[in-house]
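Note that the structure is a prediction, hence the values are computed from the model and not measured. Convention: sequence-line order gives letters A, B, ...; per-chain numbering from 1.
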Amino acid sequence: MKNQSRRDFLKITTISATALVGASATKLFASGNPTSSIDPMGVLVDTTVCIGCRKCEWACKKAHNIDTKPIEDYDNRSAFENYRRPDHTSLTVVNEFRNPTAESKPYDVKVQCMHCNEPACVSACIVGAMTKQENGSVIWDTDKCIGCRFCMVACPFQIPTFEYHKALQPDITKCDFCFERTKEALLPACVEICPVEAVTYGKRSELLKLAKKRINLYPERYKEHILGEHEVGGTSWMYLAGMDFDKLKFPKLSTKAAPGVSEAIQHGIFSYFVPPASLFALLGGIMWLNKNKSKSEPDTE
Amino acid sequence: MKIISMIIIILSTGLFAQEKPHFVTQELQCSTCHTCEVPTKNNPCVRECIREYLVSVKHSAKEAPENILINRFEKIENIYQPVHFTHQLHAEMSHLAGGCQTCHHYNPPGRILTCIECHETGRKREDISKPDLKAAYHRQCIDCHRGWSHEINCVSCHAMNEGKPSNIDTKPMPKTVHPEIKTPERMVINTEYANGKIVTFNHKEHVDLFGLECQSCHSQESCIKCHDKNPDKLKSKMVHETHENCASCHDTDNNCSSCHAQKEKPGFDHGQRTGWQLNKLHSKLSCSSCHQKKGVFTGLKSKCSNCHDSWSSENFDHAITGLRLDEIHLENECADCHIDDNFTKPSCGNCHDDIEYPDFMPGTLTK
Ligand code: SF4
Ligand code: SF4
Ligand code: SF4
């Protein structure tokens with residue numbers, strides 16, 4: 001799949017283009033997903049345990065060869081003065097929120113891709129670059145990604161970001177659930193380093209059991225809500241918290257899987273006569289060809 | 001038949017008495033630990049790791065290990081050095097806070113469990129129902145340490161290692177003792193109570209004289225109380241909180257004036273309060289050495305024999321009174337000289353004519 005040839009791509013494009021007869025483009029795009037496993041791996045983030053040490057940010061960067069300051073610098077808590085979102089400089093970030101019941105124990109919330117069971121980013125990706133893997137990870141193929149940013153728009157958690165710095169080599173970045181590490185039976189870097197195991201790695205079903213047990217044992221500590229159990233059809237990463245999730249800046253979401261961008265755009269911006277499927281295909285095709293051209297140029301020199 | 005069943009009953013109670021069921025050692029509901037109505041050996045249906053009320057083994061801090069080197073996490077050692085944990089020091093101080101069970105939160109009857117016996121060392125593991133060892137340690141430490149340092153700083157416990165495993169210092173640390181705790185002699189507290197703004201609290205007196213242990217009052221305090229790096233953050237106590245400590249002895253509901261006054265109060269004076277001035281030897285004693293009935297301070301007769309009924313000429317060292325008896329007088333019974341139960345001035349008349357104390361001494365003065 002990785003070395004999908006230009007011809008293969010054009011084939012998809014043509015099929016997509018012919019979808020103007022009325023076939024749902026959404027369906028077609030989504031059908032490219034590999035079937036996700038019935039019980040994928042996941043992570044339970046317990047925001048009542050997290051101490052906001054941000055070592056996970058450091059470890060994540062190390063594991064993904066992203067530039068980082070030395071680990072000691074992460075002890076500096078001034079980072080919490082501004083609310084931050086994950087981006088290409090940090091695939092995961094921790095934000096801090098006031099705990100109204102215990103001033104000295106604020107709630108710290110690690111944010112990264114949720115690795116949805118039915119990922120909207122995957123259904124939105126018109127070139128099939130985003131895929132949901134057997135172990136739960138939602139990853140993407142840099143070679144295929146055309147930088148159209150549909151995944152960004154589609155993601156209900158606003159996770160994928162675009163690396164603007166290299167204009168000619170557009171790339172989407174987000175947490176990849178440490179796909180390369182888990183392949184080698186290593187833990188995700190953030191899980192491994194976390195000093196208090198605020199992030200627990202395990203089978204999604206086990207994690208749900210664990211989360212329910214904690215809520216049961218300590219009802220005064222937790223809200224009776226496991227974020228990600230049902231939201232957008234369930235996610236591999238799930239959260240426990242001591243206060244309502246919207247106060248921790250999580251979006252309010254329905255339990256239905258997010259529709260994916262294609263549908264939204266069809267109904268929204270492109271309410272012209274041009275059937276959206278063919279337009280996507282055309283636009284996408286041009287972008288993809290351009291990208292690969294620019295990529296291969298240095299090689300030919 | 002009756003006799004046989006009696007024997008069986010006696011035998012079986014004897015048997016039970018020997019193997020005391022463990023729940024009698026603590027005030028515990030069965031349901032705190034067991035999920036089913038009738039736990040059996042085969043199906044004890046024990047709840048998993050309840051944090052509260054499950055410690056059944058108690059010992060003194062002196063018996064606890066002194067210092068523990070926590071170096072089970074090799075990978076992290078590349079960044080941080082292992083921690084020398086001053087276990088005994090923490091144990092000693094813990095009686096002012098939650099006690100040993102603050103950390104040893106689960107210990108079924110039997111010997112004392114170490115952390116590693118429940119918490120696995122590897123983060124990648126089958127059973128994720130409890131945190132792994134690294135997390136368990138960190139959670140315990142950070143919970144208190146962040147409270148008083150207001151920061152979450154790895155280097156406050158770990159030295160940085162700069163990637164050189166040879167840097168690691170594994171030498172056992174000498175025993176660490178808590179520096180002597182300076183306690184105030186007396187505190188004068190301004191209150192908002194109009195009929196008696198000033199409460200004079202004689203701290204030293206409460207400890208030395210009234211015999212209170214530190215934890216009689218300071219039992220629910222956290223380390224923050226003394227160690228807070230930012231004392232401004234200490235919240236002042238609410239009225240009912242301060243009263244709570246005093247109320248175990250003083251009637252804080254009805255007798256305000258026993259503590260509250262318009263000006264500073266002098267400390268406790270036995271002579272003034274009871275009309276019986278204590279002499280040098282007695283004034284050093286704690287109240288309870290004489291007033292042995294807990295909480296009752298009246299009803300002692302002023303006769304020495306009231307307390308010292310076991311003293312006789314054989315076992316009493318007279319020198320402590322300031323007069324060492326000479327050999328001849330050592331032979332006497334107490335009552336030969338102290339004829340009226342009042343052991344102040346002796347009378348010589350039982351044996352001697354025309355001799356009076358202190359003109360004539362039955363020994364030598366030592367002071
Ligand atoms: S959180 Fe967003 S980026 Fe992550 S899998 Fe879900 S839809 Fe995709
Ligand atoms: S799983 Fe990996 S990529 Fe995702 S946040 Fe953790 S360390 Fe980063
Ligand atoms: S490493 Fe763990 S405790 Fe520290 S911020 Fe990340 S999730 Fe929270």
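Comparing A/Ala198, A/Ala185, A/Gly202 by heavy-atom pairs within less than 4.5 Å of chain B, the highest count is held by A/Ala185. In terms of heavy-atom pairs under 4.5 Å with chain B, the best-connected choice from A/Val49, A/Leu44, A/Asn76 is A/Val49.
Annotation: A/His230, atom NE2; neighbour count of heavy atoms from other residues, nucleotides and ligands within 6.0 Å does not exceed 12. Residue A/Lys61 places its NZ atom among more than 12 non-hydrogen atoms of other residues, nucleotides or ligands, all under 6.0 Å distant. Enclosure of atom CD in B/Glu117 by more than 12 non-hydrogen atoms of other residues, nucleotides or ligands within 6.0 angstrom is indicated.
No donor-acceptor pair under 3.5 Å is formed between the side chain of A/Asp244 and the backbone N or O of A/Asp246.
With a threshold of 4.5 angstrom between heavy atoms, A/Asp46 does not approach chain B through any atom at all. Interface residue B/Ile152: backbone and side-chain heavy atoms are both found under 4.5 Å from chain A. When heavy atoms are compared at a cutoff of 4.5 Å, A/Pro106 approaches chain B by way of both its backbone and its side chain. Using a 4.5 Å cut-off between heavy atoms, A/Leu210 contacts chain B through its side chain alone, with no backbone atom that close. No part of A/Lys209 comes within reach of chain B, as not one of its non-hydrogen atoms sits under 4.5 angstrom from that chain. If you measure heavy-atom distances from B/Arg123 to chain A, the contacts under 4.5 Å come from both the backbone and the side chain.
A/Thr131 and A/Gln133 are linked by a side-chain donor-acceptor pair at a separation below 3.5 angstrom, with hydrogens and angles left out of the test.
B/Cys36 has its SG atom within less than 2.5 Å of the SG atom of B/Cys45.
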